[in-house]
2 protein chains.
Amino acid sequence: MLSKKTKYGLKALVYMARKEDRKPVLISEIAESENISKKFLEIILLQLKNSGFLGSKKGKGGGYYMLKEPGEITIAALIRILEGPIAPLPCVSLHFYEKCSDCKTEEDCSLNKVMIEVRDSMLNVLEKRTLADLSG
Amino acid sequence: MLSKKTKYGLKALVYMARKEDRKPVLISEIAESENISKKFLEIILLQLKNSGFLGSKKGKGGGYYMLKEPGEITIAALIRILEGPIAPLPCVSLHFYEKCSDCKTEEDCSLNKVMIEVRDSMLNVLEKRTLADLSG
DNA sequence: CAAAAGTCTAGTAAATCGATAGATTAATAG
DNA sequence: CTATTAATCTATCGATTTACTAGACTTTTG
């Protein structure tokens, strides 16, 4: 299950991607349109800015704007920023790998193989789909 | 990411499935072999019993035993019991459906379609794979 | 300078996670 | 019948995460 943070982040980006121009968008405008707590959305957009997906401009006429084309941003990349690992277990994660403390070896782990299958089937969708698919 | 509860539950069941006979297995035996806190495993096995996957016997010679054949138990069913919804969003869950409060309608939700794709790709693995696949 | 709008710091209520302690109940062996 | 074994139940707990809020601060524009 994705957290609300991730869900809100994705919806906010879709909202921005749907705009024709790339002028700064107000946090409050997105929050209102998408039914998201403004303060919570602040945190989320800031995180997306610090990760290089968004730029921001302060002061009058300011707001957040996209730094890349929607077609260049995969859902997988966004989920990794907002949610963390996509893989069902740390020991099968490509970007957040960690050894399981309770397993002697990876081959010995009874879950490893199937969880890799699960991971790959998810990535097959999430790495293929971009913001452009969501906003189209 | 699956919780440790789910992971431990799956590993415990694999351990039981791998035994030739279907005699009761001690919690402590599983806990020791799989490096799981015994007290935590108690809770997990009890839940699997209450969900109809395991039977138990008290007293000497007691323990937990499987009620079904490993090949009849899908990983999806176990995850639903131990973890909850498999779907990435409540609004695309088959077994735990809930309307999203922030969306007007489902068609209008920008995430709905892709998340259904994700769900189906996961289920494609999880509904196909059984305990027999893990223990084989 | 004043207003607008993002940024930062701090905090918080509630839920969840992973785990532990100890009393109780049921079954079996002798 | 009694002692032992092992599951069951009750309860609690610290740490972390989640979702969210308040308010001060900074930057930009007009």
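From a predicted model like this one, the values you see are computed outputs, not experimental measurements. Protein chains get the first letters and strands the later ones, always in sequence-line order, with residue 1 at the start of each.
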What I want to find out is whether [X] reaches [Y] closely enough, with some N-O distance under 4.0 Å, to be called a salt bridge.
X: B/K4; Y: B/E34; answer: no
X: B/K19; Y: B/E29; answer: yes
X: B/R80; Y: B/E127; answer: yes

Reading 5' to 3' through nucleotides 21-30 of chain C, protein heavy-atom contacts under 4.0 Å coded B for base, S for sugar-phosphate only, - for none: BB--BSBSS-

Could you give the [atom1]-to-[atom2] distance, from [X] to [N], as a whole number of Å?
X: A/L46; N: C/dA5; atom1: CG; atom2: P; value: 18 Å
X: A/E29; N: C/dA4; atom1: CD; atom2: P; value: 16 Å
X: A/K38; N: D/dT21; atom1: NZ; atom2: P; value: 12 Å
X: B/L82; N: C/dG18; atom1: CG; atom2: C1'; value: 14 Å
X: A/K4; N: C/dT16; atom1: NZ; atom2: C1'; value: 15 Å
X: B/K5; N: C/dT16; atom1: NZ; atom2: C1'; value: 10 Å
X: B/Q47; N: D/dC9; atom1: CD; atom2: C1'; value: 15 Å
X: B/L41; N: C/dT20; atom1: CG; atom2: C1'; value: 14 Å

Selected nucleotide, minimal atom distance to A/S3 side chain, candidates D/dA7, C/dA19, D/dA19: D/dA19

A/K99 NZ: over 12 foreign heavy atoms closer than 6.0 Å: yes

A/Q47 side chain vs A/I81 backbone, donor-acceptor pair below 3.5 Å: yes

Give [X] one of three labels, base, sugar-phosphate or nothing, depending on what nucleic acid heavy atoms sit under 4.0 Å from its own.
X: A/K7; result: nothing
X: B/I27; result: sugar-phosphate
X: B/L26; result: sugar-phosphate

From B/T6 atom OG1 to B/K11 atom NZ, the distance as rounded to the nearest 0.5 Å: 13.0 Å

Side-chain donor-acceptor pair present, B/E83, B/S3, cut-off under 3.5 Å: yes

Under 4.0 angstrom between B/Y8 side-chain N/O and C/dA19 OP1 or OP2: yes

side-chain N/O A/S37 vs D/dT21 OP1/OP2, d < 4.0 Å: yes

